[in-house]
Amino acid sequence: MSKKVLIITGDAVEALEVYYPYYRLLEEGYEATIAAPKKKKLHTVVHDFADWDTYVEKQGYLIDAHASFAEVDPAQYDGLVIPGGRAPEYIRLDENVQRIVRHFFEANKPIAAICHASLIFETMPDLLKGRSLTAYIACKPGVEALGATYVSDHTVHVDGNLVSAHAWPDLPAFMREFLRLLQ
């Protein structure tokens, strides 16, 4: 029986940060489920760096959410991926997201959080106290406010069961570390 991995996200997820992990997991033979507030087609976005002082956002591809957060039994999954983009900003308010994320921390199962995914943890401050992680640089104040150490000298960081990364350019190393934890 193959291992199952849950990906939690919503509209405005960064396209590469959901597609790359999803297809990488399938390629390795894992069963991957994308969950969102509702079971529907999700709108992804593309964040890129042009000549602005911050990233620009463009509309991306659509991707299917296979389940709603309310339907998810996290005990049925072996790992969790939390992509970035703008989705974490609003899905973090969903009590089911908090239930799901807390399960993975308490069961010490592998968790992968990239870019703005760290915003999810702001609704559960006890989970990161004393831990270390990295994220998109604009998330540093939030990470530190949680009592965690923001790692700035590496774009991918592993702290126990938590793999974190700055942004989509780090996806190969990010997924390599997450897959290592899953095995």
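In this text, all values refer to a predicted model and were calculated from it rather than measured experimentally.
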Pairing of [X] and [Y] as salt bridge, 4.0 angstrom limit:
{"X": "E122", "Y": "R92", "answer": "yes"}
{"X": "K4", "Y": "D78", "answer": "no"}
{"X": "E57", "Y": "R86", "answer": "yes"}

Is [Y] reachable from [X] through a run of I, L, V, M, F, W or Y residues, each pair having side-chain heavy atoms under 4.5 Å apart?
{"X": "I34", "Y": "I91", "value": "no"}
{"X": "I111", "Y": "F69", "value": "yes"}
{"X": "F178", "Y": "I100", "value": "no"}
{"X": "M175", "Y": "L6", "value": "no"}
{"X": "V151", "Y": "L128", "value": "no"}

Counting heavy atoms not belonging to [X], are there more than 12 under 6.0 Å from its [atom1]?
{"X": "E95", "atom1": "CD", "result": "no"}
{"X": "Y61", "atom1": "OH", "result": "no"}
{"X": "D53", "atom1": "CG", "result": "no"}
{"X": "E71", "atom1": "CD", "result": "yes"}

Closest non-hydrogen atom pair, [X] against [Y]:
{"X": "A135", "Y": "C115", "answer": "CB-O, 3.3 Å"}
{"X": "K38", "Y": "S68", "answer": "CA-CB, 4.1 Å"}
{"X": "A165", "Y": "F174", "answer": "CB-CD1, 3.5 Å"}
{"X": "A67", "Y": "V72", "answer": "CB-CG2, 4.5 Å"}
{"X": "P83", "Y": "I8", "answer": "CD-O, 3.2 Å"}
{"X": "Y90", "Y": "P37", "answer": "CE1-CG, 4.2 Å"}

From [X] [atom1] over to [Y] [atom2], what is the distance, rounded to the nearest 0.5 angstrom?
{"X": "R102", "Y": "M124", "atom1": "CZ", "atom2": "CE", "result": "6.5 Å"}
{"X": "Q98", "Y": "T123", "atom1": "CD", "atom2": "OG1", "result": "4.0 Å"}
{"X": "E14", "Y": "T9", "atom1": "CD", "atom2": "OG1", "result": "10.0 Å"}
{"X": "T134", "Y": "D159", "atom1": "OG1", "atom2": "CG", "result": "12.0 Å"}
{"X": "E17", "Y": "D170", "atom1": "CD", "atom2": "CG", "result": "9.0 Å"}

For this session: Mind running ring-ring contact (aromatic ring centres under 6.0 Å, His included) on H166 and Y136 for me, showing each step along the way?
Result: CA-CA 5 Å; H166 282 188; Y136 185 66; 8.3 Å; no

[X] side chain vs [Y] backbone, donor-acceptor pair below 3.5 Å:
{"X": "D73", "Y": "A75", "answer": "yes"}
{"X": "Q59", "Y": "V45", "answer": "no"}
{"X": "E31", "Y": "V5", "answer": "no"}
{"X": "S164", "Y": "L133", "answer": "no"}
{"X": "R131", "Y": "T149", "answer": "no"}

For this session: Output, in order, the C-alpha distance, side-chain angles, deciding distance and verdict of salt bridge (Lys or Arg N to Asp or Glu O under 4.0 Å) for D11 and K40.
Result: CA-CA 10 Å; D11 281 327; K40 68 171 201 150; 2.7 Å; yes

Just list the side-chain donor-acceptor pairs under 3.5 Å for residues 18-30, sequence neighbours left out, or say none.
from, atom 1, to, atom 2, distance (Å)
Y19, OH, L62, O, 2.4
R24, NH1, E27, OE1, 2.8
R24, NH1, E28, OE2, 2.9
R24, NH2, E28, OE2, 3.1

Exercise. Between V163 and L181, is any pair of side-chain heavy atoms under 4.5 Å apart?
Worked result: yes

Problem set entry | Heavy-atom side-chain contact between I82 and I114 under 4.5 Å |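 No, their side chains stay 4.5 Å or more apart.
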
Problem set entry | Any donor-acceptor N or O pair under 3.5 Å, side chains H103, K109 | yes

Exercise. With a 3.5 Å cut-off and no angle check, do the side chains of H157 and S132 form a donor-acceptor pair?
Worked result: yes

Exercise. Among all residues two or more places apart in sequence or in another chain, which pass the ring pair (Phe, Tyr, Trp, His ring centres under 6.0 Å) test with F105?
Worked result: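 In terms of ring pair (Phe, Tyr, Trp, His ring centres under 6.0 Å), with neighbours along the sequence ignored, F105 is linked to F121.
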
Exercise. Between I137 and K140, is a side-chain contact (heavy atoms from CB on, under 4.5 Å) present by the stated rule, with each step listed?
Worked result: CA-CA 5 Å; I137 188 64; K140 180 181 178 181; 4.2 Å; yes

